[in-house]
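What you see below is based on every heavy atom in this structure, not just the backbone, and it leaves out hydrogens, waters and symmetry mates.
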Amino acid sequence: MTVLSYIFNFVFQLLILLGAIILIRRFLKVSLKNKLSYKKYLFFYDVLVYLIWTLFIFLKVADVVSNNLLIAGSVVLILLALLWEYLKNLFLGIIFAFQYGYILENNLLVNGKEGKLVSYSSSYFEILTVKGERLKIKYK
């Protein structure tokens, strides 16, 4: 396979995946708009999208170096090492969401800083302090 056809194939797969993700997100927004657990489902959908993109990148890298299993394995391990901080925060965010539920607008004390939980994503949460500062704190 030539490089140009491989690039075209990659871009085509990327656009299909992106289109599917956008369509599913819009469907979720429309169908869950009036539900109490709207933000909960969107949070877990966003986490799933992060995992899908990570898996897509790993599969594409493995496909590029598929001739040699040793090279493919080492490239995937290098990518895991480079993405370790991101993946660690992602999984800690999932654990935070499962363990503490959705406690928005409740007071938290984190690293000596107290404030209301305003929002959280897959890799950090945001608190509003008494002084009015918005702090983004990574999961640790």
Side-chain angles (χ1 to χ4, degrees):
M1 182 165 27
T2 64
V3 174
L4 189 57
S5 64
Y6 182 78
I7 292 172
F8 176 74
N9 201 8
F10 172 74
V11 170
F12 184 67
Q13 290 171 350
L14 191 69
L15 290 175
I16 288 174
L17 185 60
L18 182 64
I21 288 171
I22 290 171
L23 286 175
I24 292 171
R25 183 171 181 79
R26 285 196 181 166
F27 173 75
L28 283 175
K29 278 188 172 182
V30 169
S31 64
L32 300 174
K33 198 171 209 174
N34 297 327
K35 306 262 187 204
L36 292 174
S37 57
Y38 169 73
K39 289 187 178 185
K40 175 181 170 183
Y41 288 119
L42 284 181
F43 174 80
F44 287 117
Y45 178 74
D46 289 340
V47 169
L48 181 66
V49 167
Y50 291 139
L51 293 174
I52 288 172
W53 281 119
T54 304
L55 180 66
F56 180 75
I57 290 170
F58 284 147
L59 288 175
K60 284 300 164 189
V61 167
D63 185 39
V64 168
V65 292
S66 65
N67 294 337
N68 191 341
L69 191 58
L70 183 63
I71 292 174
S74 63
V75 168
V76 168
L77 285 176
I78 289 171
L79 279 175
L80 276 174
L82 291 174
L83 292 172
W84 177 249
E85 187 68 28
Y86 167 75
L87 292 173
K88 182 179 72 168
N89 283 333
L90 177 70
F91 290 121
L92 287 174
I94 294 169
I95 291 169
F96 180 82
F98 279 126
Q99 190 172 18
Y100 296 108
Y102 293 87
I103 54 173
L104 288 175
E105 302 299 322
N106 288 336
N107 284 330
L108 295 175
L109 179 62
V110 180
N111 297 337
K113 297 175 182 157
E114 186 175 352
K116 280 188 177 182
L117 181 64
V118 177
S119 68
Y120 54 91
S121 70
S122 59
S123 60
Y124 66 89
F125 58 92
E126 198 169 324
I127 62 171
L128 181 65
T129 63
V130 179
K131 296 178 185 176
E133 299 173 308
R134 291 178 82 100
L135 300 175
K136 291 182 181 179
I137 302 172
K138 287 188 175 187
Y139 299 113
K140 290 189 178 183

Which value, rounded to the nearest 0.5 Å, describes the distance between [X] atom [atom1] and [Y] atom [atom2]?
| X | Y | atom1 | atom2 | result |
| --- | --- | --- | --- | --- |
| L55 | L48 | CG | CG | 10.5 Å |
| T129 | K116 | OG1 | NZ | 12.0 Å |
| I22 | L17 | CD1 | CG | 10.0 Å |
| E126 | K136 | CD | NZ | 5.5 Å |

For this session: Find out if a path of hydrophobic residues (ILVMFWY) with successive side-chain heavy-atom gaps under 4.5 Å connects F10 to L15.
Result: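 In one cluster: yes.
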For this session: Please check if L18 and L23 belong to a single hydrophobic cluster, counting links between Ile, Leu, Val, Met, Phe, Trp and Tyr side chain heavy atoms closer than 4.5 Å.
Result: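 Cluster IDs for L18 and L23 differ.
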Problem set entry | K60 atom NZ, over 12 foreign heavy atoms within 6.0 Å |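 Buried by this count: over 12 neighbours within 6.0 Å.
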Exercise. Hey, is CZ on F8 packed in by over 12 heavy atoms from elsewhere, all under 6.0 Å?
Worked result: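 For F8, atom CZ is not crowded (no more than 12 foreign heavy atoms under 6.0 Å).
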For this session: Dump the intermediate steps for side-chain contact (heavy atoms from CB on, under 4.5 Å) on W53 and V49, then the final yes or no.
Result: CA-CA 6 Å; W53 281 119; V49 167; 3.5 Å; yes
Problem set entry | Side-chain donor/acceptor of Y45 to backbone N/O of I21, under 3.5 Å |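 Yes, Y45 side chain to I21 backbone: donor-acceptor pair under 3.5 Å.
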